[in-house]
Structures are given as structure tokens and as C-alpha cells.
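Beneath this line is the structure, given in C-alpha cells, with notes to follow.
Here, residue 1 is the first one in the sequence, and each next residue gets the next number.
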Amino acid sequence: MQAHIYKDDAILPGFAIELSSFEHSNHTRQQPFLRYRLLSSMEDKCPEPIRCKAAVCRAAGEPLTVEEVVVDPPKAYELRIKIVCTSLCHSDVTFWRMKDFPGVFPRIFGHEAFGVVESVGEQVDGFAAGDSVVPTFLSQCSECADCRSSRSNVCSKYRFAVRPGMPRDDTTRFRDADGSPLHHFLGVSSFSEYTVVDVTQVVKVDPALPPPTACLLSCGATTGVGAAWKLAKVEPGSSVAIFGLGAVGLAVAEGARICGASKIIGVDLNPEKDELGKKFGVTHFINPKELGEKTVSQVIVEMTDGGADYCFECVGLAALMSDAFQSSRADGARRSS
């Protein structure tokens, strides 16, 4: 058995995830799995508060500190999850810097994660202790008109909001060592060894998924793939331009590839994204630093004989949104940002 430690002190000082490889009797290759101690509370119908470590932010822009916290048991329609792996999204950084509401502190950030259900509250159907899950920042009640519609993924029963507490009662499930409340973030707060999430914000996944990959399904990967596949509905044989090849941009490229786009143009200042982008379906790469007198939009219009059928801005800069618009095919074009 071989152990692998995933650790990034720059993001979560002192946090480490241990994965092990093993030979499964039903598989011909090694599969990664989390080696963790099965807590007695996973089978306890009346779970107790758990003391664990969490990366807590006490004030806007201040470094996160690893503290001992208390995570209360899940209430009705809630699950308590043991976090196996979590990643850092730029949205975490944005709200970490925010001094005014909804930037409230002290807070536990994090919303991209993979974990194992430790216990469930009353009225929870479809989940049980031991299930492998990823939390999501958007709810899915599966009952309202928007959840039932193929045109929307924003639940109208449990609307998205950057609230400091849980979505149903706006109270917290976190306390610090002194008993003072700690605020949630996007209903997930995955920078903690344990967290409590509403049942509408949890998706069951295959336990064979590698945790470092699975956690990206919470936000970055699904955001990008969904933008191309579900929102823009990229058509086979079309051309796509993607501004910014970060996690979301690369996921857009993968979504466009899945949809059958014939020309996928990636735009990024980092030359290393050229080779990386090819792994996700990027067929052409543009580095704005290497264009001389030409603008990015001019080059894309020339490459696509009039403009890309679909353009995606994946950085969040107004200037790039303008470039994306200028790179789109004019009059009646298919456009997306």
C-alpha cells in the first residue's frame, strides 16, 4: 500500500489529505481511496458535536489560521460531511478581501470539495453515512419550476445568496473554541475537516473518483463545461474562443470539445497554457503579447473568417468582455460570455 500526501501550506497551512493505493479484487489496476477512521457517529442516530480543525478567517484580507472548532450535528434536511479534499476558487479570494456585507467575519471559506457523509439529519432521503459526495453552492430542490426546467439551473425555492448561515434558518453550525459563532460561506465552508450542508446542495458521486479531481466538480469544472454544453449549447462544427485558460476556461474548452466544436481558440498570457490547453481540446492558442500591432479580436476574426460562433470570457475583466464581443461573429451570431 502506498500513501500520497496532498498538502498546500499556501492555501491551508497544516492541512494534508492522505490517499492510499490498493489492489481491488474487482479491478485490474490500482484505485485511489481515502484511508479514514470510521467514526462511531456515522452509525449513531443522534450524532454529537464534533471537534475538529478548520482554517478560519477573522477579518477581511487577513491570513487564515488553523483553529479547533466545534461542528454541530445536522438539523432536519442537512448532512454533516467529512471533507476529504478541497480546492481554492477565486470566489473564495474575492469574498476573503471583501470588507462590507456580504463579507462577514469570522468565516470559514471554501466551496469546492469532495467528502464522505458522516451523519444525516431528519427528513433526509437518498443519502446515508458513508456516501461519497460533492457539495455545491447552488441548490437543487428538484420540485420548483426552475429546477424542472432545462433552461435554468437556479433554484427558485432556495434562491442563491451569499448568506452567513444555513439556507433554511440562517443559523450557523460552527463555533470556535470559546463558543462564539463562525459564519458559513455559500452554504459549504469546506476549509474545515467537517462541515454541515443542506441536502439540496449535495450530489452523490462514484467513490472511485480521485478526490483532488472530484472536488473540482463542485464549481470550476461544472461551471465551464455547463457554460458550453448547457447554456451556450455549442453546436458541432462551430468555432469557439475562450479568454482565459484557468480552471473555468479549460473546462469550457472541454465542454466545447464534447459538443463537437471544430475550432477551439484559447487566449492567455501564460505560454504554458498552450500545451496544457491541448489536453482539454484547445486547437489554436493566442498569446496577446506575441501579436505585435494586431489586437486579439482582429486575429480571431481572421482565424474564423468573420468571428467566432461562441466567445467565453473566463477571467472577469471588463476589457476582456469587450474583446470577446468584438471577436464574435457579427449580426445574428451565436454569442456567449
Side-chain angles (χ1 to χ4, degrees), residues 11-17 36-37 39-86 88 91-92 95-96 98-124 127 129 133 135-137 139 158 161-202 218:
I11 298 174
L12 293 177
F15 270 48
I17 301 301
Y36 63 92
R37 182 168 56 90
L39 301 177
S40 61
S41 59
M42 293 183 74
E43 298 178 351
D44 191 347
K45 294 183 179 180
C46 298
E48 299 293 327
I50 289 179
R51 289 186 177 273
C52 66
K53 299 292 186 180
V56 179
C57 185
R58 291 285 174 179
E62 289 191 359
L64 279 61
T65 58
V66 176
E67 304 179 15
E68 182 178 87
V69 301
V70 177
V71 185
D72 289 335
K75 294 185 178 181
Y77 302 102
E78 297 174 356
L79 302 84
R80 188 161 58 188
I81 301 170
K82 178 180 176 63
I83 296 298
V84 175
C85 189
T86 186
L88 180 68
S91 296
D92 295 306
F95 284 93
W96 166 71
M98 197 172 293
K99 296 182 179 180
D100 299 320
F101 188 84
V104 295
F105 300 91
R107 177 173 248 168
I108 299 176
F109 285 102
H111 64 281
E112 286 188 337
F114 168 86
V116 177
V117 176
E118 178 270 337
S119 56
V120 299
E122 297 178 354
Q123 306 300 319
V124 172
F127 295 93
V133 296
T136 64
F137 64 90
S139 296
Y158 302 106
V162 187
R163 53 176 63 87
M166 294 294 289
R168 295 178 192 260
D169 61 9
D170 210 27
T171 60
T172 182
R173 304 293 174 267
F174 295 108
R175 290 171 285 138
D176 64 14
D178 297 326
S180 299
L182 300 169
H183 300 300
H184 292 249
F185 181 61
L186 299 181
V188 177
S189 293
S190 58
F191 290 177
S192 173
E193 292 179 317
Y194 287 86
T195 188
V196 176
V197 182
D198 192 88
V199 69
T200 62
Q201 291 181 237
V202 181
S218 284

Side chain [X], main chain [Y], donor-acceptor under 3.5 Å:
{"X": "Thr86", "Y": "Phe191", "result": "no"}
{"X": "Ser190", "Y": "His111", "result": "yes"}
{"X": "Glu68", "Y": "Cys52", "result": "no"}
{"X": "Trp96", "Y": "Ala59", "result": "no"}

Problem - Non-neighbouring partners of Phe95 that pass ring pair (Phe, Tyr, Trp, His ring centres under 6.0 Å), sequence neighbours left out - result: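 Scan of Phe95 (ring pair (Phe, Tyr, Trp, His ring centres under 6.0 Å), adjacent residues dropped) gives Phe185.
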
Mind listing the closest non-hydrogen atom pair of [X] and [Y] along with its distance?
{"X": "Ala60", "Y": "Met98", "value": "CB-O, 3.5 Å"}
{"X": "Val70", "Y": "Pro49", "value": "CG1-CB, 3.8 Å"}
{"X": "Phe127", "Y": "Val120", "value": "O-CG1, 4.0 Å"}
{"X": "Cys57", "Y": "Phe109", "value": "CB-CE1, 3.8 Å"}
{"X": "Pro135", "Y": "Val188", "value": "CG-CG1, 3.7 Å"}
{"X": "Gly110", "Y": "Asp92", "value": "N-OD1, 3.1 Å"}

Practice task
Decide whether Asp198 and Thr200 meet the rule of one side-chain donor and one side-chain acceptor closer than 3.5 Å.
Solution key: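 Result is yes, a qualifying pair exists.
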
[Y] and [X], any side-chain heavy atoms less than 4.5 Å apart:
{"X": "Ile83", "Y": "Tyr194", "answer": "no"}
{"X": "Val71", "Y": "Thr195", "answer": "no"}
{"X": "Pro73", "Y": "Ser119", "answer": "no"}
{"X": "Val133", "Y": "Val197", "answer": "no"}
{"X": "Val196", "Y": "Phe174", "answer": "no"}

Exercise for the section: Test salt bridge (Lys or Arg N to Asp or Glu O under 4.0 Å) on Arg80 and Glu118 and set out the steps. Expected result: CA-CA 6 Å; Arg80 188 161 58 188; Glu118 178 270 337; 2.6 Å; yes

With rounding to the nearest 0.5 Å, note down the distance linking [atom1] in [X] to [atom2] in [Y].
{"X": "Leu64", "Y": "Arg58", "atom1": "CG", "atom2": "CZ", "answer": "11.0 Å"}
{"X": "Ser189", "Y": "His183", "atom1": "OG", "atom2": "NE2", "answer": "10.5 Å"}
{"X": "Arg163", "Y": "Thr172", "atom1": "CZ", "atom2": "OG1", "answer": "13.0 Å"}
{"X": "Glu112", "Y": "Ser91", "atom1": "CD", "atom2": "OG", "answer": "8.5 Å"}
{"X": "Glu193", "Y": "Ile50", "atom1": "CD", "atom2": "CD1", "answer": "10.0 Å"}
{"X": "Asp72", "Y": "Arg175", "atom1": "CG", "atom2": "CZ", "answer": "4.0 Å"}

Practice task
State which residues pass salt bridge (Lys or Arg N to Asp or Glu O under 4.0 Å) with Asp169; sequence neighbours excluded, sorted by chain then number.
Solution key: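 Counting only residues at least two positions away or on another chain, Asp169 forms a salt bridge (Lys or Arg N to Asp or Glu O under 4.0 Å) with Lys75, Arg173.
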
